[in-house]
Protein chains: 2
Amino acid sequence: MTSTGTPGGTGRAATLSHVAREAGVSLATASRAINGSTNRSVREDLRQRVLDAAERLNYSPNANAQAMARGRTATLGLIVHDISDPFFSTIAAGVTEAADAAGLAVTLANTQHDAEREVGFIQTLQNLRARAIILIGGRQDDDAANERLREALASYQERGGAAAMVGQPILGVKAVHVDNRGASAALARSLHGLGYRRFAVLGGPERHLTAAERREGFCEALAELGCPVADDAVIASPFVRDGGHDAMVELMRRALDVEVVFAVNDVMALGAMTAAREAGLDLPRDMAFAGFDDIYALRDVTPTLSTVRIDMVDIGRQVTALALGEEDRELVTASGEVVLRESTPGPQ
Amino acid sequence: MTSTGTPGGTGRAATLSHVAREAGVSLATASRAINGSTNRSVREDLRQRVLDAAERLNYSPNANAQAMARGRTATLGLIVHDISDPFFSTIAAGVTEAADAAGLAVTLANTQHDAEREVGFIQTLQNLRARAIILIGGRQDDDAANERLREALASYQERGGAAAMVGQPILGVKAVHVDNRGASAALARSLHGLGYRRFAVLGGPERHLTAAERREGFCEALAELGCPVADDAVIASPFVRDGGHDAMVELMRRALDVEVVFAVNDVMALGAMTAAREAGLDLPRDMAFAGFDDIYALRDVTPTLSTVRIDMVDIGRQVTALALGEEDRELVTASGEVVLRESTPGPQ
DNA sequence: TTGTATGCGTTATCAA
DNA sequence: TTGATAACGCATACAA
């Protein structure tokens, strides 16, 4: 049997028209047979003929054409600060899992911590007519930048796009917000309960909202316990591993009397521990450490790091559910669980 | 001034036709003005009128429509086994960086180590008419699975798609292949040079080609040095952190006389070190360890881990260059550099 | 340089 | 249940 509608063998893909011709049915019927989405309104034998023809011609539906005709895509946009950071890549795993279950392809945008690129990527995803956009990562206290983001997201949503984020709910979109303040306070109380009294905080960037929430939650709880953290025991630095390392170097330079260091995220804590070791400290004997997030890597460091555990994969799933409207809340608060490990054995 | 062609305010996006009407030019002129790609064949004042109109109407070009009309997309497909694994997420960072530079959006597919899903994602990316597909991750020695993959990729390439991969060049696409064998051999010689004589290998899955290359390169080099690794000192296990952990448990159960353990990747080595510690060993005194990849996390473990350093970000860039045809080689070999750290201080 | 008209591959509306 | 046919939004060959 010779294929009537086969396109030339040199790279031209078979279209639905070719399939229809090959199967001896109309374009409409072929479309219905292959899609069958709403109502199965095509006779079984015809459907089979179409499916066979499609198989023979190695037909691949053109998603762009479908997007045009249907008026919507099956694309989900995911914007992260740094995909190589375990915090983001773990959440991304949750997002891809949920997106997959929903039949959506994930378009990944890596901003490299550049807020302006976030806006640019929203534009790109708007152009792609992504069905939803998910934004991961704490916001900065920067009104101008936030306003631009807000506008971009508003414009996107006005055109029918859905959006959700992980972070502070200040951009006019649904959000999964980690209870940074409460969990950090709980961590502070736990450490205080262990007997620690002299604290330092590697507090991240001044204007980084997540860093601020963790810093403040921690310090306020200690203040309430009558054990305030001295101002010069709070060191600002970037929210990344090297930031933690460098902040620890600065802390040691100040030669304060400190028992335990809280870094506002795990990668910073790990960098800080390394800095402490480089300075000759013996951990956890000479200095206790705690972090936040509970990234996988913590399982294999020594001493194992006390931290606040958040379920990043699940946060990824949840923010996807929000974005896809499978969950109608506007704000989901993710709680953190204090996990005490070897790095905080209690004061010697 | 009232906008002539403005669509209703309720979510309907402005199209190029609206922009053209608003600017008082034809659709074609508007298209040329906004695109200006090939030849700048539109009068400056008109161009400005169009751009202003687009701005006013908050015009967002429909990438799907452009894809239809142009016959190509600006999408790059990226398929990884597990985006939350630092090896993959770091390479992904390189890919997104390069894709960004090339003006391409990255569609991320996370297979969760399921080979069948790789084939499925290739189909999806084919449907999306992705301009190129990048496949990251070592292959299995599984002819049936590889054949299905090969077919899927061949079909994709016949239709004009480009493809490249990181891993063994056995799928008929361009590849960046790490010199696992050579680098592992070099590592073996370095360790031997330190004086180690009693080796064990946490060798990953039997049929995992990358694992096999590293395992064999390591063992063969030692054999050549007259210091063969005993068969029962090579433990098979999954290529992930827990695999390394469990393999180490098994190794210790066998109670062999071992000085140094080579795990075929870093996350396995980290899991193995934790297992050794759980068993009460003091590292590196009681046991030396070495891994492969040099993931970022190694900087902050104790003892710091000896390994083979590969530049994963650059590998991501390179495989993207291959996929986009910016590099016309079929095969790029990425070399690894032996890095000796505290975990291999030499026999006591 | 500008405009007209056609086609890209689907879906969906409307008749039959 | 099936088949014509009109969108969908844009790029471009061709004509002016």
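Every chain is numbered from 1, with letters handed out A, B, ... down the list of sequences.
One atom, CD of B:Q126, and another, P of C:dG9, lie 13 Å apart when rounded to the nearest Å.
Residues that satisfy the side-chain hydrogen bond (donor to acceptor under 3.5 Å, both in side chains) test with B:R150, not counting sequence neighbours, are B:E147.
A close approach under 4.0 Å does not occur between any side-chain nitrogen or oxygen of A:R43 and OP1 or OP2 of D:dT1. For A:S26, a side-chain nitrogen or oxygen approaches OP1 or OP2 of D:dG3 to under 4.0 Å. Residue A:N35 places at least one side-chain N or O closer than 4.0 Å to OP1 or OP2 of C:dT11.
B:S17 and B:R21 share no donor-acceptor pair across their side chains, judged by distance under 3.5 Å alone.
A salt bridge is defined here as a Lys NZ or Arg NE, NH1 or NH2 lying under 4.0 Å from an Asp or Glu carboxylate O, and A:R148 with A:E116 meets this definition. For A:E44 and A:R47, the salt-bridge test passes: some basic side-chain N is under 4.0 Å from an acidic carboxylate O. Under 4.0 Å is where a charged nitrogen must lie from a carboxylate oxygen, and between B:D52 and B:R49 no such pair does. Ion pairing between B:R139 and B:E118 holds under the 4.0 Å rule for side-chain N and carboxylate O.
Looking at which nucleotide of DNA chain C each of B:M68 and B:V25 is closest to, the 5′-most match is held by B:V25.
Comparing C:dG9, C:dT11, D:dT12 against the side chain of A:L27 picks out C:dT11 as the nearest. Of the candidates D:dT2, C:dA12, D:dC10, the closest approach to any side-chain atom of A:T29 belongs to D:dT2. Candidate nucleotides D:dT1, D:dT12, C:dT10 were compared by shortest atom distance to the side chain of A:S41, and D:dT1 ranks first.
Taking only distance into account, the side chain of A:R32 meets the base of D:dG3 through a donor-acceptor pair shorter than 3.5 Å.
Defining each end axis of the helix from C:dT1-D:dA16 to C:dA16-D:dT1 as the rotation carrying four pairs' C1' atoms onto the next four, with five pairs an end, the two axes are found to diverge by 40° to 10 degrees.
Nucleic acid contact for B:L46: sugar-phosphate only, since backbone atoms but no base atoms lie under 4.0 Å from a heavy atom of the residue.
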